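Working notes, beginning with the structure itself.
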Amino acid sequence: RIAGGTISGPVTLEGDPRITPQGGSGTISGVIGETGAARNLEIGIAGGSSNLTLSGANTYTGTTTLSNATLNLRGSLASSAVNVGAASTISGNGNIAGSLSFAAGATNLGVNLGLPGTLTVTGAANVNGGTTTVTVLPNPSVTPGGSVPLLNYGSTNATAANFALA
């Protein structure tokens, strides 16, 4: 558990842990690595909600799963698949070297126009049934009009019908 605040040093995963920001939110700015084989990481909490910002160049290679959580990715995830579970959100301007999958049900993509750049997925961005809600946080210095990239991806199975603008 992260009791709010920021962890700035390195974090090493052993086993397949869950990170739960206690009190609702937290930040890990240090690199998250792993020992031995690929380690999977679950972010979130059963029966509640949590908000975690990752801003380091993370090197662990297992799957990242969001469970009742918001992940604000400002850094990068190396070779990691990210699964956005029901009642979860991914946002930020970071990079995912693997794939991004939105589960069927209430999943969300957050877009903050105040951040430089766009969330980027090197692999596939997949929507596994249902609708993913896109929430856009405005930037006062952005003039409306034209197109705004919401997500960069290598490939996708999604169509416009899989997304709803909040």
Side-chain angles (χ1 to χ4, degrees), residues 1-112 114-128 130 132-137 150-154 166:
R1 288 188 178 181
I2 298 174
T6 299
I7 296 174
S8 57
V11 174
T12 302
L13 303 179
E14 294 182 1
D16 293 332
R18 175 190 296 182
I19 294 178
T20 303
Q22 186 174 354
S25 65
T27 298
I28 299 176
S29 61
V31 173
I32 301 175
E34 62 197 351
T35 60
R39 304 295 180 192
N40 299 315
L41 175 62
E42 182 180 0
I43 299 170
I45 185 169
S49 63
S50 60
N51 186 328
L52 181 66
T53 297
L54 297 180
S55 57
N58 300 294
T59 60
Y60 71 95
T61 57
T63 299
T64 303
T65 300
L66 307 182
S67 301
N68 296 312
T70 295
L71 173 60
N72 180 13
L73 184 61
R74 296 300 223 41
S76 61
L77 297 174
S79 301
S80 181
V82 176
N83 296 322
V84 181
S88 295
T89 300
I90 187 161
S91 65
N93 61 346
N95 293 291
I96 300 169
S99 62
L100 174 64
S101 295
F102 293 94
T107 59
N108 302 287
L109 171 64
V111 179
N112 185 342
L115 296 176
T118 302
L119 185 64
T120 299
V121 181
T122 303
N126 295 312
V127 176
N128 298 315
T132 295
T133 301
V134 179
T135 304
V136 179
L137 298 175
L150 303 177
L151 176 70
N152 294 318
Y153 52 86

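In what follows, residues are counted from 1 in the order of the sequence shown. Computed from a prediction, not measured in an experiment: that's the story for all the values here.
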Backbone of Gly44 reached by a side-chain donor or acceptor of Ser67 within 3.5 Å:
no
What's the shortest heavy-atom distance between Ser8 and Ser29, and which atoms?
CA-OG, 3.3 Å
Among Thr107, Asn108, Thr89, which residue meets the side chain to side chain donor-acceptor pair (under 3.5 Å) test with Thr132?
Thr107
Side chains of Leu66 and Asn83: closer than 4.5 Å at any heavy-atom pair?
no
Test your reading of the model: is there a side-chain donor-acceptor pair from Asn58 to the backbone of Ser76, 3.5 Å cut-off?
yes
For Thr61, enumerate each residue passing the side-chain hydrogen bond (donor to acceptor under 3.5 Å, both in side chains) test, keeping only those at least two apart in sequence or located in another chain.
Glu34
Here the pair of heavy atoms bringing Gly15 nearest to Arg39 is O-CD, 3.0 Å
Polar side-chain atom of Ser88 near backbone of Ala69 as donor-acceptor pair, under 3.5 Å
yes
Flag, side chain of Asn112 to backbone of Gly114, donor-acceptor distance under 3.5 Å
yes
Just jot down the side-chain hydrogen bond (donor to acceptor under 3.5 Å, both in side chains) partners of Ser91, sequence neighbours excluded, or say none.
none
Side chain of Asn40, backbone of Asp16: donor and acceptor closer than 3.5 Å?
no
Is there side-chain contact between Leu52 and Ile28, with at least one heavy-atom pair below 4.5 Å?
yes
Taking the side chain as every heavy atom from C-beta outward, state whether Thr35 and Leu13 have any pair of such atoms under 4.5 Å apart.
no
Any Asn72 side-chain heavy atom under 4.5 Å of Leu54 side chain:
no
When you measure from the side chain of Thr135 to the backbone N and O of Thr133, does any donor-acceptor pair fall under 3.5 Å?
no
